[in-house]
Amino acid sequence: MNKHELPKTYDFKLTEPRIYAMWEAGGYFQPWNDPNKPDFDPTIKPFVIAIPPPNVTGELHLGHAMFVSVEDLMIRYHRMKGIPTLWIPGTDHAGIATQLMVERHLLQTEEVTRETLGREEFLKRTWEWKRKYGSIITNQIRRLGASCDWTRERFTLDPGLSRAVREAFVRLYEKGLIYRGLRLINWSPGLKTAVSDLEVEYSEEEVTLYYFKYMLKDSDEFIPVATIRPETILGDTAVAVHPADERYKKFIGRTAIVPILNREIPVIADEYVSMEFGTGALKITPGHDPNDYEIAQRHNLPIISVLDAEARINENGGKYKGQDRFEARKNLWEDMRAAGLTLKEEKYVTTIPRSQRGGEIIEPMISTQWFVKMDSLAQAALEAVRDGRIRIVPERFEKIYFNWLENIKDWCISRQLWWGHRIPVWYCPDGHMTVAREDPTQCATCGSQDIHQDEDVLDTWFSSGLWPFSTLGWPDETPDYKYFYPTSYMETGYDILFFWVARMIMMGLEFTGQVPFHTVYLHGLVRDEIGRKMSKTTGNVMDPLEVMDQFGTDALRFTLLVGSTPGNDMNLSVKKVEANRNFANKLWNIGRFVINAVSSVAPQAPDTESQSPITDHWTLADSWIWARLQQLIRDVERQFQNFQYGQAGQQIYDFIWSDFADWYVEIAKEQMKNPKTETQTAVTLARVFDVSLRMLHPFTPFVTEELWGHLRSAILQSPISSLAKDWPQALIVARFPEPRKPEGWEAQKITDFELIREIVRSIRNLRAEKSVAPAKKIAAIFVAGAKTDLLKEQSRVIASLAGLDASQLSIHQSLNEKPQDSAPLVVGSVEIYIPLAGMVNLAEERARLEKELKEAESHIERLEKLLAGDFAHKAPPALVQKEREKLASYKETAEKIKAQLK
RNA sequence: GGGCGCUUAGCUCAGUUGGUUAGAGCGUCUCUCUUACACAGAGAAGGUCAGGGGUUCGAGUCCCUUAGCGCCCACCA
C-alpha cells in the first residue's frame, strides 16, 4: 500500500557505502563557509579538528576506530549546530615504521637490502609503495564514517608540508634553538639510528649482576665493583668511590688497571656514588652510560666508545673487536674468571631500556646528532595550559603534562634513516654549515660548490608537531590558514600526549604565536574484554573491519562512544557491539512503524503548523513523550558541553528504547485507531523520531541518515508534509535540537503519565504472577479518588497496555464495599481490583499486601525521620517539598493497604 | 623513588557542581512468534557501591587511611 516498504532487518552492508558516497558527493564534508569562495564571511567562527594522521602504510586498528568515532561525533555535532566545520584528514610518513616495512618487503620479494639499492633507489621504491598502499588506510577511515574534508587531505611528505618543515627547522636554527653536537644519545642497534628519550621504554627484568676486582696498579689490592654490562668494562675510564667512604678513601688518586686490556685509569671520588649500594664503588664508562657521562664531564675524563652502530665491539675493545655485545660480555667474563678477577654473580632485577619499535636493548652511545633546545619552548607550552588558553580533558592529564615539560631534556631530532624529511643542512670540505630553506648551490660561508647535504632525516614527530598549521598552508598566510587556524579541539589518545600533543603546542606557539587548539580531549586505550592490551602475540586483536562486517559501523562506533569515559581505557567485547547492532535494528523498526503511521494519515488531515503539541486534543501520552524529549535535549546538551559523550549516548538510547518504543509507540498503536487522534499521533511520532535521529546522528550516522531520508520523504508525501518543509536534503546538515526552557505543563504531564505507567506495570506484574494468559483480557475496577478524571481519560490506554477488557472496566471515585474475589492492588492513591474468579488465594493476597505495606512503612519511617531532622531547614526548599510529597503519597498508599487488610 | 587511575549486580561497565534505601548491556529464571522489531515483547531474581575513619542535615559521589590491580614518570652500578 505505501511506498515505504522497508525490510524487517536493517541492512547496514548495503546502506553504509551508499550513504557515505552520498555524503561525499554532496560536498557535506566541506565547511559551508569557505574562505576560498566569493561569498565567504570571515566573521563566522569555524570549528576545526586536525586528524591525528595515521601511518600511511598502517592498518586500521581499534585505536583508529576510537579516534574517528569521537572526532566524527564532535565534528557532526558542530556541523549540525550550523557552524562551518572542518576536519582535516591526512597521513603520516611514519619514518621508522614505513622504512622497516618496505625494507622487509624488499628483502622478501627481491632479496635486496636498502644498502644494496642505495638511497635514491630505495626512496623511489618507498614512494611507489606509498602510492600503491597509501590509500588503504584512508579508505578504512572512510568506512568508519569519518566526515573529513577529503579535498583537503594532506601527507607529511607533501611539498607544502615539507616546506613547512624546512621553514621550521631554519627558523629554530637561526634562533639558536637547534644545534648539532656530540652527545650521549639512545642508540637503537637494530634500527641503526638514534632515537629520542620518548622512544625508549623501560621494562623490569631479571639480569645478572657481575662482581669483579678492579686491581690497583703495582699492588695486590683491589676495589670490588659490580656491573650488569661487563662488556662496558672495555670502555671504562675511571673507578669512582664516595669521598667519605672509609673503605676506599685510601685508594682515591691511585691508578687502577682495566681487566684484560690493562689500560691504566684513575680512582676518583664523586659524591654521586652511593656507599650503601652494591660494593660502594662504581666503574665509569662515559661512552655508554648517561650517569658516567656526567661524572666524566665533572672530572675531565676521556670518553671511550667501544661499540659500533650494530653494537659490536669496535677497535677500542682489543681482541673482542667484532664480537656482538652479548657475546663479548660472555667472553670477557670468561677471560676475567680465568685471570682470577671475578668475585661473584647474582640475580638482580632492574629496569632495562628497550626500543619502542624494535624491542632490542637500547645502547647509550656518543654520537653527533641534531637537537632542539627545549627550555624556552617548554616554558611557553607550560604557560599556555597554566593560564587556560589550552584546556586538557580530563583535567588530571594537565599534571602529567606539567611534570613532563618541567623536566624536559633537549630533543634529539636526527635519525639515521632515509625515509623522511632530510635535514636542510649542507657541509663544505672546510666544515662550514649552510642551513637553508632552498637547496643551496654553494657554501654560504666560503662559496665552495663542493657541498653535500646532511645524510640524516628528522624525527617523524618533528613534522607531526607542525600538523595543525602545516596542513592549512603555513608558512604562507593562505585563506585556509587565516580562517581555520587555530584549530578547535585536539582529540587523541593519552599515550601520545608527550610525543605529539606537547610538541604541537610548543611548535604552534613558537611558529604561529598562537595555541594550535584550545581544547585537548584525550581518550583511553581500547583493550580486550578482560583488560589486556591487544597484541598480535597474545592473539586477542580485534579487527575493526571484521567487527564492522559483522555488526555494522554504527554498532562499533556506538560501542566505543558509550560506556567509555575520557582518558580511561575501555574493555571492548564483541557482545557489546552485538547489543548495539541490536539497537540499530531496534531503531530501524521504530522507523518502520513511524513511517508507516505517517503514510497512513487520512488525506483530510488537519494542518499541523502548531509547534507545541499542547492543545486541547493532545493526549497525555503525546504531551508526556514531548516533555520527556525536551528533558532529554537539555540533558544531552549539557553532556556535550562537558564532554560526557558516553553519558549523552546512553541517555538517548534509553529514551528511544525505554520511553519512545516501549511506551509511546505502544500507545500510539491505540491512538492511531481513533480518527480523532490519528493525525496528531502520527505527527508526534514523526516529530519525536525526527529529533531522536538528529540527536543520535553524531553517534550512529549511517542508520540515522538512512531512516531520516525515508521519514522525510514519507512526510513530504503525506498530508502532514508541512512538518518537513524546512528540512534539508540530508540529516548530516539538519539542525541538532536546541534545548528550550521547560514549560510549566511539562512536570505535571510527566507525573501524571508516571502514575499511568505504574498502574499498567502493577497489573502486568499481577498477571505474570497469576499466570494469566497473555492474550486474555481481564476485568478491573479502579477506585481512584482525586485521580478519577485522569484515569477515566486514560482508561483506553491502560486497558490496551495492561490487557484489560474495556467493557469490564470501571472507574470510581470511591466504593463503599470492596469487590469480592478480587486481587487488590495499590498504586499511589489508586486502588485496583482485579476480579480473578477462582484464582484469588486470600492468604497469598494478604502476604503480598503485607509486603507492600512493610515497604511503604519503611519509607514513611525513613522520610519522617529525615523531615524531622535538620534536613527540613538546611536542604533546599524544593527538595524538602519533594520529600514531603513523597511522604504523603506513601502514607496514602499505606492507608489504602491497611484498609485492604482489615 | 615520585605521580595517576581503577576496585559499583554472576560478567563488562555507566553514574562530574554531594540530594536520598544505586543504573545499563550481557548472562540467569518465567511467560509470549500480540498486525515495527524474537537482533523482539512482558515479568522476575541479583549489589552492606574494596576495607576503615572523617566532613555534612545528607556521601557511590568530597577528605584521610589501608589493601589489591593497572598505568605513567624517574640515572642508582
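Just so we're clear, the structure is a prediction, and the values are computed from it rather than from any experiment.
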**Salt-bridge present (A/R848, A/E852; N to O < 4.0 Å)** = yes
**Asked** Over how many whole Å does the gap from A/M570 atom CE to B/G70 atom P extend?
**Response** 20 Å
**Item:** Whole-Å C1' distance, B/G41 and B/G5
**Value:** 41 Å
**Request:** Could you tell me whether A/K669 contacts a base, only the sugar-phosphate backbone, or nothing, with contacts defined as non-hydrogen atoms closer than 4.0 Å?
**Result:** base
**Message:** Does A/N642 reach a base, just sugar-phosphate, or nothing at all? Heavy atoms under 4.0 Å.
**Reply:** nothing
**Asked** When rounded to the nearest Å, what value does the distance between C1' atoms of B/A67 and B/G52 take?
**Response** 11 Å
**Asked** Counting side-chain heavy atoms from CB outward, which of B/U21, B/A14, B/C37 is closest to A/N589?
**Response** B/C37
**Message:** Any salt bridge linking A/R298 with A/E271? Criterion: basic side-chain nitrogen under 4.0 Å from a carboxylate oxygen.
**Reply:** no
**Request:** For the side chain of A/I228, starting at C-beta, report the closest nucleotide among B/C39, B/A77, B/G41.
**Result:** B/A77
**Prompt:** Any donor-acceptor pair under 3.5 Å between the side chain of A/Y494 and the base of B/C72?
**Reply:** no
**Request:** Give the nucleotide from the list B/G27, B/U21, B/G5 with an atom nearest to the side chain of A/H859.
**Result:** B/U21
**Asked** Distance between the P atoms of B/G10 and B/U55, in whole angstroms?
**Response** 32 Å
**Message:** Tell me if the centroids of the rings in A/Y248 and A/Y214 come within less than 6.0 Å of each other.
**Reply:** no
**Request:** Answer yes or no: is there an ion pair linking A/D662 with A/R757, defined by an N-O contact shorter than 4.0 Å?
**Result:** no
**Asked** Can you find a donor-acceptor N/O pair under 3.5 angstrom joining the side chain of A/Q647 to the base of B/A24?
**Response** no
**Asked** A/S771 side chain N/O closer than 4.0 Å to the phosphate oxygens (OP1, OP2) of B/U30?
**Response** no
**Message:** Side chain of A/E666, heavy atoms from C-beta onward: which of B/C39, B/C76, B/A36 has the nearest atom to it?
**Reply:** B/A36
**Message:** For B/C4, does the base pair up with any side-chain atom of A/R396 as donor and acceptor (N or O, under 3.5 Å, distance only)?
**Reply:** no
**Asked** Salt bridge between A/E857 and A/K854, side-chain N to carboxylate O under 4.0 Å?
**Response** no
**Asked** Does a side-chain N or O from A/K8 land closer than 4.0 Å to OP1 or OP2 of B/C37, or not?
**Response** yes
**Message:** From C-beta outward on A/F593, which listed nucleotide comes closest to its side chain: B/G41, B/A36, B/C26?
**Reply:** B/A36
**Item:** Euclidean distance for C1', B/C33 against B/U28 (whole angstrom)
**Value:** 22 Å
**Message:** Heavy atoms only, 4.0 Å cut-off, all strands: where does A/R761 land among base, sugar-phosphate and nothing?
**Reply:** sugar-phosphate
**Prompt:** Would you say the base of B/C37 and the side-chain of A/K586 have a donor-acceptor pair closer than 3.5 Å?
**Reply:** yes
**Fill in**
Winner on side-chain proximity to A/R764, out of B/C57, B/G43, B/A40, is B/G43
**Message:** Measure CG/A/L801 against C1'/B/G43 and give the value in whole Å, please.
**Reply:** 15 Å
